[in-house]
Amino acid sequence: MVPDIGRGSRTHGLLVYLYGPGRREEHTDAHLVGSWDGFAPDPGRDPSPDPDPKVTLARLTAALDLRVKQAGDRAPAKHVWHCSVRTAPGDRRLSDEEWNAVAQRILHATNIAPEGDPDSCRWIAVRHAEDHIHIVATLVRGDLRNPRLNYDFNKAQAECRRIEKEMSLRRLNAGDGTAAKNPTSAEKFKAERTGRPETSRETLREAVRQAIAGAATEAEFFTRLHEAGLRVKVRHAPSGDALGYNVALPGDRNRHGEPVWYPGSKLAPDLSLPKIRLRLTDSPAERATQPEAVSTANWSPPARARRSATGIAERAVVLLDHDDGEAAAQLVGAGELLDALAQTSPAATRTELAAAARSFERATRSHVRAEHAESRALHSAARGIIQAGGALGRGEDGGTTAMLVSTLVLVTLAAARWHSARGHAQQAHASRQAAEHLRTAYRQAAVTPMRKLHDQGLALPEAQRRAHEATLSAVLPEHGVRANGTPTKTDALIATLAQAEQEGHDPETLLRQAINLRELDTAEDVNDVLVWRLRRLAQLPAHPGAAPRRPQAGTRPAKTSTNRTSERNAPAAAARPAVSDPPSRPLRR
């Protein structure tokens, strides 16, 4: 059950809409289901002979506005409180009596019409559809005082959760006050009228998020907003320092012909300028400690940026098991990485990646304070992807896109677990939604490189195949059979082990390191996850047709365990895309 609250100043205009045909003739049988005294005139079902709906509507308006007129200048300018309440799809049809009870409970919870208070505000509840009602109240009490409406939306939401439970309706996730503000009904109707697929508020919110993902400084953030085609207005203090900013879409104007401006904080709680500054704090020294991209002349800048980001994302999965402040920062950084990937992805995967970024946006906010210093590696990785430009979606670009998306699936599932453990129902749901979009994008990106790897695995000599199958059986004996008993194909994994061995790596050691990067229980396809981990650790091309990176002179192949003590002393050892990437976790059998 979803309440949607607004304020206005025209009682008559709102009633005309509620009793009218609607914008698409969707209003049917408009009538009252409740009122402050149970005897309010009903323009929809006036029992008098030959009733004139306009006359009855005027009588209802006058009755609702009586105390507003009596209060005169003491009445609030926006004296009309309007709340639509809608049941969830699939819920049973409520009777008029049940809707009346719902209206009374919400009005009591919000202190507009407390039960048993003879001086409560006047109100009505109008029904013109099966699945929702509209509550209209005028905000002057019988004693001509204004009601106290602190946190009316939160109180209405909480009461709806209780009503859902008691009336056996679909129970929606409880909010925690960190969600972005939903578009108003007026904004939705304006978007429909002007032919936009979404409201200005939603378009601007996404544009601001994308601008953050590619910015290193505040100045660069504002530059990216301008480059995105937005109108930007910065508020300055007398000292000249920026206090905040407003954004508007070109051509989006109000009835007076003025641009419709939205402050960043009204787009989402974390998009105010002070909070953006926390995320952009980054110095050259800090950037220098970030993982280096794999260096090879044969791979494009987008491919190198994606490969580097994959190692950082792998570490983020591990850090989501750490303390709350550090984990919350990883969620913010992962959101930026998704925004960057969605902006630069090829057409084949762009829709699903954009949908994943939008879903995960909700998962980046909670009441857990993020230690933003911990997200700088992810922020730098996101900026690197933006600066590298768009990927072509084929060859090494397409392979590294699949590699990164495969890891981001695990990031979003780890985020869902983290939120669920803390009772963040909305954020956990958003994380799982993002994971589903990423899985779809992965299947689109991985189809060509995985097919080639499968073919290469099948083409290997029988003796070589048997040797690598024995390695898989020794290291991961249950790997060849899924939980439902269906055998899985390991051709791509065998091909990858063979290529790694050719490049000087010990297949068994490398496979154990790939497994120990993190547990595999959440992987939809263990084979695919291990393929990409192995190819990144061994610095093999993500696309089988690309030239592999040969080990540099003086380096040792990964035939023995890594000296982790010396690596911990290196500046970026914990995050480099090398054999020693994140701390290991045992595989759960």
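Computed from a predicted model, the values in this text were never measured in an experiment.
We find that Asp131 and Arg86 are joined by a salt bridge, their nearest charged nitrogen and carboxylate oxygen being less than 4.0 Å apart. The pair Arg358-Glu198 meets the salt-bridge criterion, with a side-chain N (NZ, NE, NH1 or NH2) lying under 4.0 Å from an Asp/Glu carboxylate O. Using a 4.0 Å cut-off between a side-chain N of Lys or Arg and a carboxylate O of Asp or Glu, Lys190 and Glu187 do not qualify as a salt bridge.
Within 6.0 Å of NE2 in His132 there are more than 12 heavy atoms belonging to other residues, nucleotides or ligands. Heavy-atom contacts from other residues, nucleotides or ligands closer than 6.0 Å to CZ of Arg253 number more than 12. Other residues, nucleotides and ligands contribute at most 12 non-hydrogen atoms within 6.0 Å of the OH atom of Tyr151. The environment of Arg170 atom CZ is sparse: at most 12 non-hydrogen atoms of other residues, nucleotides or ligands sit within 6.0 angstrom.
Each of Asp29, Asp96, Asp42 was compared with Arg127 under the salt bridge (charged side-chain N to carboxylate O under 4.0 Å, His left out) criterion, and only Asp96 meets it. For the side chain to side chain contact (heavy atoms under 4.5 Å, CB included) test with Arg122, the passing option among Val136, Leu66, Asp65, Ile112 is Leu66; the others fail. Screening Arg279, Lys275, Arg205 against Asp270 for a salt bridge (charged side-chain N to carboxylate O under 4.0 Å, His left out) leaves a single residue, Arg279. Exactly one of Glu164, Glu166, Glu115 qualifies for a salt bridge (charged side-chain N to carboxylate O under 4.0 Å, His left out) with Arg105. That residue is Glu166.
The minimum heavy-atom distance linking Pro183 with Glu202 is given by the pair CG-CD, 3.7 Å. Listed here is the closest heavy atom pair of Ala415 and Leu331: CB-CD2, 3.3 Å. Nearest approach of Leu338 to Ala356, heavy atoms of both residues: CD1-O, 4.2 Å. Considering all non-hydrogen atoms of both residues, Val208 and Val247 come closest at CG2-CG2, 4.4 Å. What you find for Leu438 and Val405 is that their closest heavy atoms are O-CG1, 3.3 Å. Across Ala416 and Arg432, no two heavy atoms sit closer than the pair CB-CG, 3.8 Å.
Of the possible polar contacts, one joining the His419 side chain to the Ala363 backbone as a donor-acceptor pair under 3.5 Å is found. The backbone N or O of Pro21 lies less than 3.5 Å from no partner atom in the side chain of His128, so there is not a single donor-acceptor pair. The backbone N or O of Arg148 sits less than 3.5 Å from a side-chain atom of Asn111, completing a donor-acceptor pair. Remark: the backbone N or O of Lys266 is paired with a side-chain donor or acceptor of Arg201 at under 3.5 angstrom. Although no hydrogens or angles enter the test, the distance criterion places no donor-acceptor pair under 3.5 Å between the side chain of Ser380 and the main chain of Ala377. Between the side chain of Thr110 and the backbone N or O of Ala156 there is no donor-acceptor pair closer than 3.5 Å. Counting only distance, with no hydrogens or angles, the side chain of Arg350 and the backbone of Thr344 share no donor-acceptor pair below 3.5 Å. Remark: side-chain polar atoms of Lys155 are paired, donor with acceptor, to backbone N or O of Asn150 under 3.5 angstrom. The main-chain N or O of Gly44 is never found under 3.5 Å from a side-chain atom of His31 such that the two would form a donor-acceptor pair. Under a 3.5 Å cut-off, the side chain of Arg231 and the backbone N or O of Gly251 do not form any donor-acceptor pair.
Atom-to-atom distance recorded for Trp123:CH2 and Leu107:CG is 6.0 Å, nearest 0.5 angstrom. Within the model, atoms CD of Gln104 and CD of Glu159 stand 11.5 Å from one another, a figure rounded to the nearest 0.5 Å. Remark: Leu408 CG to Thr310 OG1 distance equals 7.5 Å, nearest 0.5 Å. For the atom pair Leu353 CG and Tyr442 OH, the distance stands at 13.5 Å (nearest 0.5 Å). Once rounded to the nearest 0.5 Å, the distance linking OH of Tyr19 with CG of Leu60 reads 6.0 Å. One distance of note links CE of Met167 with CD of Glu98; it measures 5.0 Å at 0.5 Å rounding.
Looking only at atom types and distance, the side chain of Gln343 has no donor-acceptor partner in the side chain of Asp339 under 3.5 Å away.
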